[in-house]
Amino acid sequence: MILALSGCSSWGCTDTTAERGHAGVSVQVVNTHERPLGVTAVVVDWRLEAHPQVPSEGDKVHFRFRFDGADQYSNSTVDACAVDKERVALGCRTVHSSQAFGPAEDPLTGDAWIAVEQPDQVAEVLFIPNDQSDDRRTCDKDFKDGGGMHPPEPPHLGDQL
């Protein structure tokens with residue numbers, strides 16, 4: 001009997017990338033096998049405004065979010081993107097569920113900023129449901145213990161979501 005664990009076997013190491021899930025304003029966070037983690041990432045609201053620390057850089061997308069079902073020790077991590085009316089990514093960043101906890105007007109809501117080239121084209125902010133917190137090593141980095149299923153690549157400018 002031959003046993004293969006974590007994408008590795010006696011013949012080699014294999015990396016696999018999960019497919020990117022459907023982006024939305026409210027998404028159930030899923031692991032690399034598309035199983036729900038019991039956490040929902042929600043964009044509460046967003047607006048265009050200058051960042052108070054660098055107002056000379058002009059308007060950025062300032063959005064508020066929450067992670068329903070998470071607590072301050074949860075490690076869910078998803079990508080958020082400002083998109084145009086065609087759902088094309090204009091700017092993206094990674095958001096951690098732990099950012100939604102702490103001293104704030106609403107202690108269960110976090111906020112973040114996304115820089116975009118053309119703020120006037122932003123139609124909404126979307127979360128991609130794939131949990132990015134899995135830091136499994138790739139075969140290139142660790143042939144013996146690496147490999148297996150990995151989260152999808154982060155979105156890039158111009159990606160259709």
- [ ] Over all heavy atoms of both residues, which pair between G21 and I128 is shortest? Give the atoms and the distance, please.
- [x] O-CG2, 4.2 Å

Task: Any donor-acceptor pair under 3.5 Å from N130 side chain to E19 backbone - done: yes

Open item on the list: Using only atom types and a distance under 3.5 Å, with no angle test, would you say the side chain of R87 pairs donor to acceptor with the backbone of A23?
Closed with: yes

- [ ] Calculate, to the nearest 0.5 Å, the distance between atoms CZ and CG belonging to R93 and D79 respectively.
- [x] 10.5 Å

Task: Nearest non-hydrogen partners of N75 and S133, listed with the distance - done: O-CB, 3.1 Å

- [ ] Measure from the side-chain N and O atoms of D131 to the backbone N and O of T77, and report whether any donor-acceptor pair falls under 3.5 Å.
- [x] yes

Open item on the list: In this structure, would L48 and V25 fall into the same cluster of hydrophobic residues linked by side-chain contacts under 4.5 Å?
Closed with: yes

- [ ] Return the minimal non-hydrogen interatomic distance between K60 and I114, and the atom names on each side.
- [x] CB-O, 3.6 Å

Open item on the list: Applying a strict under-4.5 Å side-chain criterion to I, L, V, M, F, W and Y, I'd like to know whether V30 and V78 cluster together.
Closed with: no

TODO: Specify the closest pair of heavy atoms between S26 and V42, including all atoms of both residues, with the distance to one decimal.
DONE: OG-CG2, 3.7 Å

Open item on the list: Quick check on E34: does its CD atom have over 12 non-hydrogen neighbours (other residues, nucleotides or ligands) under 6.0 Å away?
Closed with: no

- [ ] Rounded to the nearest 0.5 Å, what's the gap from CG on L161 to CD on E124? Could you check?
- [x] 10.0 Å

- [ ] To the nearest 0.5 Å, tell me how far H156 NE2 sits from C92 SG.
- [x] 9.0 Å

Open item on the list: Can you tell me how far apart OG1 (T109) and CZ (R66) are? Round to the nearest 0.5 Å.
Closed with: 6.5 Å

TODO: Grab the two heavy atoms, one from P151 and one from Q132, that are nearest each other, plus how far apart they are.
DONE: CB-OE1, 3.5 Å

Task: Closest approach of H62 to D111 (non-hydrogen atoms, all atoms of both residues) - done: NE2-OD2, 2.6 Å

- [ ] Look up atom CG in D59 and atom NE2 in H51, then write down how far apart they are to the nearest 0.5 Å.
- [x] 12.5 Å

Task: Aromatic plane relationship, F65 with F67 - under 30° parallel, 30 to 60° tilted, over 60° perpendicular - done: perpendicular

- [ ] Considering only NZ, NE, NH1 and NH2 on the basic side and carboxylate oxygens on the acidic side, decide whether D159 and R20 come within less than 4.0 Å.
- [x] yes

Open item on the list: Membership question, hydrophobic clusters at under 4.5 Å side-chain separation (ILVMFWY): are L37 and V95 in the same one?
Closed with: yes

Open item on the list: Are W46 and W113 linked, directly or through intermediate hydrophobic residues, by side-chain heavy-atom contacts shorter than 4.5 Å (ILVMFWY only)?
Closed with: no

Open item on the list: How long is the straight-line distance from OG of S97 back to CG of D68, given to the nearest 0.5 Å?
Closed with: 11.5 Å

